[in-house]
Asker: 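Could you have a look at this structure, given as structure tokens, before my questions?
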2 protein chains.
Amino acid sequence: MAGTGVDRRELPLISGGTVHERADAARNRRKVLAAAERLFAQRGVTAVTMDDVAAAAGVGKGTLYRRFGDKSGLAAALLDERERDLQASLLTGPPPLGPGATARERLAAFAAAYLGYVAGHLDLVSLSQTASPGARMRTGSHRLWRQHCRHLLAEGDVPDPELRADVLLAALTAEQVRHWLADRGHALGDLEAAVRRLVDSLLG
Amino acid sequence: MAGTGVDRRELPLISGGTVHERADAARNRRKVLAAAERLFAQRGVTAVTMDDVAAAAGVGKGTLYRRFGDKSGLAAALLDERERDLQASLLTGPPPLGPGATARERLAAFAAAYLGYVAGHLDLVSLSQTASPGARMRTGSHRLWRQHCRHLLAEGDVPDPELRADVLLAALTAEQVRHWLADRGHALGDLEAAVRRLVDSLLG
DNA sequence: CCTCCATACGGACTCAGGTCCGCTTATAGT
DNA sequence: ACTATAAGCGGACCTGAGTCCGTATGGAGG
């Protein structure tokens, strides 16, 4: 979570708790995110190239790549802000998403909420997951979702909680959700109900 | 299953039950598959470009793409033959893979066998699944695996058999399996056992 | 205020996947 | 055998992702 893109070397948390980011760099980062958001909204994610973003932001391509690593990093950075709400709800929000409900209830609530999040930003999430193979696992936020699921599954005293956390998240990939919604024509509500039942099964 | 690549218009089954394939076309198809197999074995899948394959096969790039659609199609064609064994076992082989065992036993056996198949051809399967987004769902063989799972799950009287079939296959994506094996350092045997337990949960 | 250099910039360049289209040829029909 | 024609061929070409490297500059230390 946190970092607004960038691979390994940590950089400013989103709020700007600057460890040492040059002013021009911060300005460019903001320009790029704003331009990307606008272009994606206007033309659709797939129709926008990295050159487009760079040009619209009035920035060189190198800058773009230095900041965000690759296209999926840019998508992750844009999603970062939107994930914040969900993440906060999990950690400190009211039940059933936050602490206070049973592990079973919390996991079902998480799965439903995560499904909604993915469905609500399909293209962006898809991009962040599929731009490069294995990108999905490497996002900071993925680690958080994963840990949350693992934790709740372990509380439920299920075998292989870690692996089942991966299974649950693998089931809710952007491409999988897209397939259910678009190719299979399922309604989001039906999916949500089915996913809740699935969680129930996973918890034995 | 069946088609040796090619997008929509069906073409010769692998054995060559020619619906109408020109002799030179068949020859080129074989040359390409042979060259691709050799190059992939020699240099590793990711280090081989489509130009390499075309050149090694003594064929133009256009021919390559006409035959196999895209890189993932080429991978699928190469896997085709290796899938055949597993597919035959499911349909007509001895239990527990084939008919004769309980749905639960058969599904556990399938999951374990499929895991082994994916792990045994990680790079190729990965390529066939990730070359283009959504490629995974569109393979002929995927439909077969899916239907098989759906069928067994339905026999087990589980809710949402179709969706759970997708979940099971989503859990056994090449990238996911690679992550478990390489990044997480799990042993294939442990994974197999865990996947069997997972199937048990899925069947209530 | 000045200097210095780590940090950042930008755009030319490389590389690989995928498309296009004019030419060639296998083969069905006569 | 002889066409006519649909199927196939090949490689030049296009596009877009990601890299490289010479140049510019923010800002810390003097």
Side-chain angles (χ1 to χ4, degrees), chain A residues 4-12 16 18-32 35-36 39-40 43-76 127-128 130-135, chain B residues 4-12 18-32 35-36 39-40 43-76 127-128 130-133 135:
Chain A
T4 307
V6 184
D7 19 11
R8 65 230 72 201
R9 119 186 76 168
E10 95 288 68
L11 259 180
T18 168
V19 181
H20 208 63
E21 188 186 38
R22 256 166 60 164
D24 53 347
R27 199 177 334 118
N28 280 335
R29 183 165 48 81
R30 266 179 269 118
K31 281 200 293 181
V32 166
L39 285 181
F40 285 161
R43 299 187 215 161
V45 171
T46 53
V48 176
T49 72
M50 290 299 262
D51 292 83
D52 290 340
V53 174
V59 147
K61 236 180 148 188
T63 303
L64 201 47
Y65 278 95
R66 161 183 337 281
R67 285 287 132 202
F68 301 102
D70 62 7
K71 208 178 178 185
S72 79
L74 178 56
L127 180 56
S128 84
T130 62
S132 71
Chain B
T4 306
V6 185
D7 20 9
R8 66 232 70 202
R9 112 187 84 170
E10 94 289 72
L11 258 181
T18 168
V19 182
H20 207 63
E21 188 185 38
R22 259 166 59 164
D24 53 346
R27 197 176 337 117
N28 280 334
R29 182 166 47 82
R30 266 178 269 117
K31 282 199 293 182
V32 166
L39 285 181
F40 285 162
R43 297 188 216 161
V45 170
T46 52
V48 176
T49 72
M50 291 298 264
D51 292 83
D52 290 340
V53 174
V59 147
K61 235 178 151 189
T63 304
L64 202 47
Y65 278 95
R66 163 186 327 289
R67 285 288 130 203
F68 301 102
D70 61 7
K71 209 177 179 185
S72 80
L74 178 56
L127 180 56
S128 84
T130 62
S132 71

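Chain A is the first sequence line, chain B the second, and so forth, proteins listed ahead of strands; every chain is numbered from 1.
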Asker: Using a cut-off of 4.0 Å between protein heavy atoms and nucleotide atoms, how would you tag nucleotides 16-21 of chain C 5' to 3' with B, S and -?
Answerer: SBBBB-

Asker: Would you indicate, yes or no, if dA8(C) has its OP1 or OP2 atom less than 4.0 angstrom from a side-chain nitrogen or oxygen of Asn28(A)?
Answerer: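 Indeed not, no polar side-chain atom of Asn28(A) lies that close.
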
Asker: What I'd like to find out is whether the side chain of Leu127(A) reaches to under 4.5 Å of the side chain of Leu74(A), using heavy atoms alone.
Answerer: no

Asker: What I'd like to find out is whether the side chain of Asn28(A) reaches to under 4.5 Å of the side chain of Arg67(A), using heavy atoms alone.
Answerer: no

Asker: Please confirm whether the shortest side-chain N or O distance from Thr63(B) to OP1 or OP2 of dG10(D) is below 4.0 Å.
Answerer: yes

Asker: Which whole-number value in Å describes the distance from Leu127(A) CG to dG16(D) P?
Answerer: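 Result: 15 Å.
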
Asker: Looking at Val53(B) and Ala35(B), what are the two nearest heavy atoms and their distance?
Answerer: O-CB, 4.2 Å

Asker: Under the side-chain contact (heavy atoms from CB on, under 4.5 Å) criterion, do Ser132(A) and Asp70(A) qualify, and how do the steps go?
Answerer: CA-CA 9 Å; Ser132(A) 71; Asp70(A) 62 7; 4.1 Å; yes

Asker: For Glu21(B), run the salt bridge (charged side-chain N to carboxylate O under 4.0 Å, His left out) check against Arg30(B), Arg29(B), Arg27(B) and tell me which one passes.
Answerer: Arg29(B)

Asker: Would you say the side chain of Lys31(B) lies within less than 4.5 Å of the side chain of Val59(B), judging by non-hydrogen atoms?
Answerer: yes

Asker: Return the value, rounded to whole Å, for the distance between atom CZ of Arg67(B) and atom P of dA7(D).
Answerer: 12 Å

Asker: Tell me, for nucleotides 23-30 of chain C in 5' to 3' order, what letter each nucleotide earns: B for a base near a protein heavy atom under 4.0 Å, S for only sugar-phosphate near one, - for neither?
Answerer: --BSS---

Asker: What is the minimum heavy-atom distance between Val45(A) and Lys71(A), and which atoms define it?
Answerer: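 Scanning both residues, the minimum pair turns out to be O-NZ, 4.4 Å.
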
Asker: Of the non-hydrogen atoms in Ala76(A) and Ser128(A), which two are nearest, and what is the gap between them?
Answerer: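 That would be N-CB, 4.1 Å.
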
